Amino acid sequence: MKHSKKVVSLTLITIFLLVITFTISKYIYEKKNLSTKPITKSNFSLDTIITITVYNTEDEKYINKCFEIINKYDNLFSVSKKNSDISKINNNPNQFVRVNPDTIELLKHSIKAAKDTNGLFDPTIGKLTDLWDISDKAKKTDATGNLDDKKNIPPSQKINSLLSHINYENIKIKNNSVKLSDSNSKIDLGGIAKGYIADKLKEYLNTTSLHERAIINLGGNILTINKKKSSEFNIGIQKPFSPNTTIGSLRVSNKSVVTSGIYERFFKCDNKIYHHILSTSNGYPVENNLEGVTIITKKSTTADALSTSVFTMGLHDGKKYIENLKNVEAIFITKDKKIYLTKGVKNFKLTDNTYTLS
């Protein structure tokens, strides 16, 4: 009898331990699986849709902190917010204005980019950008992008009157203060700010436990974070004038992928496209055979500024310029549906057979 009771007791204990072991194993498995699922959040900021995805966490505090950082920089760099650092500089020409050290840092990046490209990128293009107001006009077009009113094209006299005031040398920096030495000039960091902010977000995420895998998408300005090569990201390259459609994909690891194209913000008038990439030399939207340029490099600040200036250079000069830089690559899409790659682009896969690799 005692022996039977012992057997029953041992059996019950064994069953109990098996149940506990199964429960713990199931919890650990579910916890592990849950932690590998990405958390994604999107918001509208910097005049675009921003999406941030992080891995290996269940806590949204990291993404929320990212959006706090974005708002901080938007409040510093915006040209439409009257209390931003950039607005204070623009509204007080010919006098030094004390600003945040981050504003100084970005302005220095902008001036360097302007020097390196002989002014094809220029942060003092603001008044010309305001005159064209492409972003606002693009929102008013019909389904085919038409805005058939020639009044939307600025008079050539007004355009020409602004050209001599586009000069990055008008920005003077002394310690933590900045002066714009031409009252007819205006700073606009729209061609580089998103890249700088993406780099700052990466800096923050690298201080957290999420430094192994994350992706930052600031309206097409993409920056990837991944510690292991096996966790590379597959980035789609948009098909011109076809939202949500790609012509190919690019596998990248710890790189920024930034595109500038005539299809991003534009309007049509008399069957001619007027887009947001403006020439600092003649004041009109750049005219060449390109529809888009994608820059691939480690720093998003660099990629952002280069995407605009290299587009302006055109295919031949732009490709040559990139191939003379270290650790920078590019993809060029032309209007005749050809794709050109710089020598170091190895992981591009064409998926649209209406285009050809040249």
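These numbers were taken from a predicted model, which means no experiment stands behind them. The figures here come from the full heavy-atom set of this structure, side chains too, leaving out hydrogens, waters and symmetry mates.
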Does a donor on one side chain sit under 3.5 Å from an acceptor on the other, for Thr342 and Glu329? yes
Would you say the side chains of Thr354 and Asp352 form a donor-acceptor pair under 3.5 Å? yes
Going by the rule side chain to side chain donor-acceptor pair (under 3.5 Å), which residues pair with Thr246 if we only count those two or more places apart in sequence or in a different chain? none
In short, side chain to side chain donor-acceptor pair (under 3.5 Å) pairs touching residues 157-168 with sequence neighbours left out are His165-Asp182
Under 4.0 Å between a Lys/Arg side-chain N and an Asp/Glu carboxylate O for Lys272 and Glu287? yes
Phe233 six-ring face occupied by Arg213 cation (under 6.0 Å, within 45°): yes
Carefully, step by step, assess Phe241 and Phe266 under the rule ring-ring contact (aromatic ring centres under 6.0 Å, His included). CA-CA 10 Å; Phe241 302 103; Phe266 70 95; 5.3 Å; yes
Any side-chain donor-acceptor pair under 3.5 Å between Asp336 and Thr334? yes
Is the terminal nitrogen or CZ of Lys172 (NZ for Lys, CZ for Arg) located under 6.0 angstrom from the six-membered ring centre of Phe96 and within 45° of that ring's axis? no
With a 4.5 Å limit on heavy-atom distance, are the side chains of Thr141 and Asn146 in contact? no
Do the ring centers of Phe311 and Phe121 come within less than 6.0 Å of each other? no
Residues pairing under ring-ring contact (aromatic ring centres under 6.0 Å, His included) where one sits in residues 68-91, two or more places apart or in two chains, turn out to be Tyr73-Phe77, Tyr73-Tyr196, Phe77-Tyr196
Please check if any side-chain donor atom of Thr301 sits under 3.5 Å from a side-chain acceptor atom of Asp199, or the reverse. yes
Within a radius of less than 6.0 Å around NZ of Lys81, do more than 12 heavy atoms belonging to other residues, nucleotides or ligands occur? yes
Lys127 with Asp188: basic N within carboxylate O range, under 4.0 Å: no
Hydrophobic cluster membership, Phe348 vs Val293, 4.5 Å side-chain cutoff: no
Salt bridge or not between Lys319 and Glu323? Use side-chain N to carboxylate O under 4.0 Å. yes
